[in-house]
There are 2 protein chains.
Amino acid sequence: MSNSRPTPPEGTSSKPGHRRRGETAAPAEAVKPALPMAPPSEPPSEPLSGRAARAAERRQAIIDAALDEFIARGFTATRLDDVAKRAGVAKGTIYLHFKDKESMFEELIRTALVPLIGRLHAPPPIGGSVRDAVEGFARTFIQEVASTRRGDIVRLIVAEGPRFPAIADFYYREVVSRGLAAMRALIELGVARGEIAHKELARFPQILVAPALIAVIWQSLFARHAPLDATEMLRVHLDLIFGERRTT
Amino acid sequence: MSNSRPTPPEGTSSKPGHRRRGETAAPAEAVKPALPMAPPSEPPSEPLSGRAARAAERRQAIIDAALDEFIARGFTATRLDDVAKRAGVAKGTIYLHFKDKESMFEELIRTALVPLIGRLHAPPPIGGSVRDAVEGFARTFIQEVASTRRGDIVRLIVAEGPRFPAIADFYYREVVSRGLAAMRALIELGVARGEIAHKELARFPQILVAPALIAVIWQSLFARHAPLDATEMLRVHLDLIFGERRTT
DNA sequence: TTAATGTGACTGACTAGTCAGTCATTGTCA
DNA sequence: TGACAATGACTGACTAGTCAGTCACATTAA
């Protein structure tokens with residue numbers, strides 16, 4: 001703590017110096033169970049001989065560890081020493097896989113979103129109703145994003161986006177604009193079929209998606225104060241847009 | 001710049017070494033004009049004699065500068081040296097007004113929200129319609145938050161909330177829970193009066209507010225890619241909830 | 001054997017927080 | 001009113017660290 005102040009022999013475990021240091025042994029605390037992902041270190045059990053395979057495995061461990069740390073602390077506050085420790089790897093190893101901290105962060109965000117992007121090419125509802133299609137999206141979103149580490153990634157993008165224009169650009173191009181376009185198409189189809197009464201909605205597909213984003217943010221910030229039943233909320237929202245309940 | 005690497009005499013302005021350093025002279029770049037606030041340094045023109053007055057003025061300068069820096073960089077990446085420079089003050093002066101960086105951040109966030117909280121006690125729509133009341137909220141929100149530095153503060157809370165539970169708590173207690181309660185009351189009134197057809201909406205006032213939050217986030221992240229007419233979007237959203245257009 | 005792979009001690013650029021000293025302002029007395 | 005003393009806001013060089021990135025050396029699969 002202070003320089004030469006006559007402080008008592010031991011600070012009461014308050015903040016020792018600059019940033020909190022204590023027990024760095026457990027980086028980013030427990031963070032959160034995240035999804036049932038392979039344990040950060042150690043090979044699961046497979047023998048897997050090839051060096052390339054082991055290297056890929058280590059790379060994956062680094063990615064998992066780094067994501068957890070970045071989610072828990074944000075970009076700047078994350079220490080690569082902690083990432084390495086959590087991944088069960090030496091710090092130098094990180095630099096065998098990534099150019100530097102910044103490009104690692106960007107690549108992580110990109111990689112974590114690829115699975116999301118795939119879902120946007122969902123088949124247009126030729127057979128079923130538009131509502132079914134939108135409900136499918138919502139269900140997928142809840143399962144794959146809202147109740148997953150990927151939800152935190154969305155929050156991370158909101159948090160760090162302004163300082164990483166490249167990430168904001170990428171996210172807009174690859175996710176936001178495509179997602180909104182898909183939603184707009186669905187809305188227009190819904191209007192054409194008479195499922196959606198409010199025609200103006202097609203001008204702002206954001207309205208359709210807004211509660212889903214709220215759910216993600218709520219999860220990160222306020223879940224411990226007041227849990228939010230995202231599934232129910234999205235259902236109510238869809239009822240609002242498509243008219244009262246159906247059979248479901 | 002790297003340690004002993006044979007780098008060319010001057011990096012092409014890319015990343016010199018650790019964090020970006022270049023031209024620290026202008027902290028946080030231009031950030032953004034923000035609202036028409038008093039210039040960071042120098043007394044505007046008033047004589048203001050008293051020492052206390054000058055001190056208060058400096059304190060305000062520090063607050064403004066710190067908010068700009070925190071918004072532009074986030075908590076950890078903000079350097080108090082830059083805050084001091086921007087405020088036209090020595091670094092030590094900051095510590096005459098704030099205990100440390102962390103409590104400064106927390107106090108700033110709290111302070112910046114106080115004006116918001118006041119708006120929540122808006123008069124219930126005894127005379128006018130519920131829609132008018134909600135529209136009033138929306139208009140206020142656009143004017144006072146979405147198109148203001150306060151919008152960035154909301155994003156900042158989303159960004160740093162998980163690392164500052166005290167802030168998330170405060171924000172939930174003072175803003176979110178109150179705001180949602182007020183909205184719920186309005187919705188129930190609207191349902192009772194027959195202005196709102198969808199009764200379930202009262203269970204999730206978040207749906208009413210969601211597009212407003214989206215607008216704020218959009219402003220920070222994607223405005224340069226695709227501008228969003230927040231006013232129009234909120235109007236469409238209200239049409240969706242209250243039924244088609246009125247006279248306005 | 002040996003080249004690819006991994007390690008972790010090390011460097012040095014960087015920063016939160018400190019404190020002895022300065023000096024403009026305010027208060028007091030002749 | 002003017003001179004002198006007391007005050008405390010303000011300063012900025014300094015301390016005690018922190019951490020991204022490096023590299024000489026160790027390990028191991030082929």
Side-chain angles (χ1 to χ4, degrees), chain A residues 1-7 11 14-22 24 27 41 47-59 61-62 66 69-70 73 75-85 87-105, chain B residues 1-7 11 14-22 24 27 41 43 47-62 66 69-70 73 75-85 87-105:
Chain A
M1 197 173 267
S2 330
N3 264 2
S4 52
R5 270 250 231 89
T7 39
S14 56
K15 35 206 82 145
H18 294 213
R19 114 176 42 276
R20 141 156 352 169
R21 254 287 77 201
T24 304
S41 47
L48 57 86
S49 53
R51 265 208 297 225
R54 290 191 72 95
E57 193 176 64
R58 278 167 189 274
R59 183 191 168 84
I62 292 170
E69 292 287 329
F70 281 135
R73 300 194 194 288
F75 175 77
T76 308
T78 289
R79 282 160 294 186
L80 293 193
D81 282 303
D82 288 346
V83 172
K85 195 171 296 178
V89 154
K91 185 158 68 157
T93 305
I94 293 175
Y95 287 88
L96 297 176
H97 293 280
F98 301 95
K99 176 170 159 288
D100 57 15
K101 191 186 182 186
E102 196 167 316
S103 50
M104 177 170 80
F105 181 69
Chain B
M1 210 150 296
S2 325
N3 264 2
S4 52
R5 269 251 232 91
T7 37
S14 57
K15 37 208 79 148
H18 295 213
R19 102 179 53 276
R20 145 155 347 166
R21 254 291 70 204
T24 302
S41 48
L48 56 90
S49 51
R51 267 209 292 222
R54 291 189 70 95
E57 194 176 63
R58 280 167 188 273
R59 181 190 168 86
Q60 193 54 47
I62 292 170
E69 292 286 330
F70 280 135
R73 300 193 194 287
F75 174 78
T76 308
T78 289
R79 280 160 294 184
L80 294 192
D81 282 305
D82 288 344
V83 172
K85 196 173 294 177
V89 154
K91 185 158 68 156
T93 305
I94 294 175
Y95 287 88
L96 298 176
H97 295 279
F98 301 94
K99 175 172 161 288
D100 57 15
K101 192 186 181 187
E102 196 167 315
S103 50
M104 178 171 78
F105 181 70

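Residue numbers begin at 1 in each chain, while the letters A, B, ... track the order of the sequences.
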What's the spacing between [X] [atom1] and [Y] [atom2] if we round to 0.5 Å?
X      : Y       : atom1 : atom2 : answer
I62(B) : M104(B) : CD1   : CE    : 8.0 Å
R79(A) : K91(A)  : CZ    : NZ    : 11.0 Å
R59(B) : L96(B)  : CZ    : CG    : 11.0 Å
D81(A) : I94(A)  : CG    : CD1   : 8.0 Å

Nearest-angstrom distance from the residue atom [atom1] of [X] to [atom2] of [N]:
X       : N       : atom1 : atom2 : value
K101(B) : dG17(D) : NZ    : P     : 18 Å
Y95(A)  : dA20(D) : OH    : P     : 7 Å
D81(A)  : dT7(C)  : CG    : C1'   : 13 Å
D82(A)  : dC19(D) : CG    : C1'   : 10 Å
I94(A)  : dT5(C)  : CD1   : C1'   : 15 Å
R79(A)  : dG8(C)  : CZ    : P     : 18 Å
E57(A)  : dA29(D) : CD    : C1'   : 15 Å
K85(B)  : dA16(C) : NZ    : P     : 12 Å

Quiz prompt | Listed partners of K101(B) passing salt bridge (charged side-chain N to carboxylate O under 4.0 Å, His left out), at least two apart | solution =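 With neighbours one apart ignored, the set is empty.
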Tabulate protein N/O versus nucleotide N/O from nucleotides 7-10 of chain D, keeping only pairs under 3.5 Å, one per line.
unit_1  : atom_1 : unit_2 : atom_2 : d
dT7(D)  : O2     : R51(B) : NH1    : 3.4
dT7(D)  : O2     : R51(B) : NH2    : 3.3
dC10(D) : OP1    : R58(B) : NE     : 2.7

Exercise. Evaluate the ring planes of F105(B) and F70(B), with Trp represented by its six-membered ring, and classify them as parallel (under 30°), tilted (30 to 60°) or perpendicular (over 60°).
Key: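 Rings of F105(B) and F70(B): perpendicular, over 60°.
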At a cut-off of 3.5 Å, list every protein nitrogen or oxygen paired with a nitrogen or oxygen from nucleotides 21-23 of chain C, distance to 0.1 Å.
none

Quiz prompt | R58(B): partners by side-chain contact (heavy atoms from CB on, under 4.5 Å), with sequence neighbours left out | solution =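 Checked R58(B) against side-chain contact (heavy atoms from CB on, under 4.5 Å); matches are R54(B), V89(B).
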Quiz item: Side-chain contact, heavy-atom cut-off 4.5 Å: R73(A) with T76(B)?
Solution: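 SC-SC contact between R73(A) and T76(B) ruled out.
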Practice problem: Could you list the residues that satisfy ring-ring contact (aromatic ring centres under 6.0 Å, His included) with F98(A), not counting sequence neighbours? | Solution: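 Scan of F98(A) (ring-ring contact (aromatic ring centres under 6.0 Å, His included), adjacent residues dropped) gives none.
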